[in-house]
Number of protein chains: 2
Amino acid sequence: MTESTLLLKEHHLKATPQRIKIISMIEEHGHITIEDLYKEMLEQFPSVSLATIYKNINQMAQSGLIREIKIPKAKSVFELIKEPHLHIVCDSCGKIEDIPVETENIIKEAEKLSGYKINESFVTLRGTCPECR
Amino acid sequence: MTESTLLLKEHHLKATPQRIKIISMIEEHGHITIEDLYKEMLEQFPSVSLATIYKNINQMAQSGLIREIKIPKAKSVFELIKEPHLHIVCDSCGKIEDIPVETENIIKEAEKLSGYKINESFVTLRGTCPECR
DNA sequence: GGCTTAAAAGAAAATTATTTTCTTTTAAAA
DNA sequence: TTTTAAAAGAAAATAATTTTCTTTTAAGCC
């Protein structure tokens with residue numbers, strides 16, 4: 001049983017070939033847009049429907065397997081849910097990377113200042129990557 | 001001359017009544033969606049077009065007067081550009097607040113780890129506000 | 001391994017969000 | 001005031017996402 005199949009089972013989702021493919025594409029790319037998922041899926045499943053992508057992405061997000069990351073001035077990407085990390089986007093080439101930066105301090109301070117109980121944090125930075133400078 | 005008019009002049013945008021209204025609505029609400037801008041605008045300008053809202057919002061964002069904030073699992077909101085701050089969204093009532101938390105440390109660390117030159121940071125937290133607990 | 005069935009896929013249409021085009025109106029500079 | 005480039009508004013076009021409905025299939029059961 002593949003890793004994707006296992007992930008699906010764990011989240012009580014039927015392991016269809018389309019879903020397995022979606023998960024492995026997300027794993028492979030790290031982050032991927034709906035549009036790119038669809039394009040790549042078409043190569044292997046020429047009759048796949050965009051609705052299938054949307055429905056599956058929504059279900060997987062619902063069940064906590066993946067997450068949507070909204071990117072400033074760009075399309076959303078989807079990623080597998082794993083250890084906390086932040087995102088950095090290159091203004092020049094559009095590349096998105098994860099960085100394992102600790103955000104505990106900020107969250108603690110925000111809780112103190114706001115009185116909120118914080119459940120999740122989204123940090124996205126934009127700038128220029130080393131290759132583009 | 002109103003404050004909104006002044007802001008528009010500073011950004012070399014013609015001070016039309018619709019634009020002045022958009023800016024004062026953003027100021028008044030702090031953060032506001034396109035949909036709410038349109039609804040409220042209709043009360044004062046019954047023949048306003050959604051295209052006018054979109055075109056103006058895009059121009060104002062382009063010229064650095066306002067900024068779009070993409071919110072996890074919700075519609076984007078727009079805000080005037082001012083001192084750096086982060087956003088906190090209540091899962092329960094949907095309210096969005098600014099908090100003046102310092103993010104310099106995180107940015108410095110991310111720059112070190114990634115090699116990027118960082119230009120802007122977006123931090124959004126989700127949780128439960130004091131009123132909703 | 002062949003049934004059964006609830007869930008998923010696919011196709012098409014519907015809905016929602018955003019942008020473009022084109023004509024009329026208007027802010028602002030002369 | 002007059003002039004004019006830019007903006008507003010209306011309508012259509014495009015893009016993004018969801019819904020509906022029929023057919024297909026994964027997976028539990030014998």
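In what follows, chains are A, B, ... by sequence order, proteins preceding strands, each numbered from 1. Just the heavy atoms: all of them, side chains too, but no hydrogens, waters or symmetry mates, feed the values below.
Around the CD atom of A:Gln62, the shell of radius 6.0 Å holds no more than 12 heavy atoms that belong to other residues, nucleotides or ligands. The environment of A:Glu3 atom CD is sparse: at most 12 non-hydrogen atoms of other residues, nucleotides or ligands sit within 6.0 angstrom.
We find that CG of B:Leu6 is positioned 18 Å from P of C:dA27, with the value rounded to whole Å. With rounding to whole Å, B:His12 atom NE2 is found 15 Å from C:dA29 atom C1'. Look at CG on B:Asn58: it is 9 Å from P on C:dT18, rounded to the nearest Å. D:dT17 atom C1' lies 13 Å from atom NZ of A:Lys70, rounded to whole Å. Rounding to whole angstrom units, CD of residue B:Gln62 and C1' of C:dT19 are separated by 15 Å. Between the CD1 atom of B:Ile53 and the P atom of D:dA10 there is a distance of 12 Å, rounded to whole Å. In this entry the distance linking CG of A:Leu50 with P of C:dA12 reads 14 Å, nearest Å.
Look at B:Lys75 and you'll find a side-chain N or O under 4.0 angstrom from OP1 or OP2 of C:dA17. Phosphate proximity of C:dA9 to A:Ser49: absent, as no side-chain N or O sits under 4.0 Å from OP1 or OP2. In terms of phosphate contacts, B:Asn56 brings no side-chain nitrogen or oxygen within less than 4.0 Å of OP1 or OP2 of D:dA7. For A:Gln18, a side-chain nitrogen or oxygen approaches OP1 or OP2 of C:dG10 to under 4.0 Å.
Side-chain atoms of A:Glu79 and A:His29 form no donor-acceptor pair, as typed in the model, at a separation below 3.5 Å. With 3.5 Å as the limit, one finds a donor-acceptor pair spanning the side chains of A:Asn119 and B:Asp91.
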Letter per nucleotide, 5' to 3', of nucleotides 24-30 of chain D [B base touched, S only sugar-phosphate touched, - untouched; heavy atoms, 4.0 Å]: -BBS---
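Of the two residues contacting DNA chain D, namely B:Ala51 and B:Arg19, the nearest-nucleotide position lying further toward the 5' end is that of B:Arg19. Each of B:Lys55 and B:Glu68 has a nearest nucleotide on DNA chain C; the 5'-most of these lies closest to B:Glu68.
Taking a cutoff of 4.0 Å between a charged side-chain nitrogen and a carboxylate oxygen, A:Lys82 and A:Asp98 qualify as a salt bridge.
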Derivation of the salt bridge (Lys or Arg N to Asp or Glu O under 4.0 Å) call for B:Lys73 and A:Glu68: CA-CA 8 Å; B:Lys73 302 182 186 31; A:Glu68 176 176 6; over 6 Å; no
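Here the nucleotide nearest the side chain of B:Tyr54, chosen from C:dT18, C:dA9, C:dT21, is C:dT18.
Across all strands shown, A:Gln59 has heavy atoms under 4.0 Å from sugar-phosphate atoms exclusively, and none from any base.
Here B:Arg133 contributes atom CZ and B:Ser92 contributes atom OG; the two are 11.5 Å apart, rounded to the nearest 0.5 Å.
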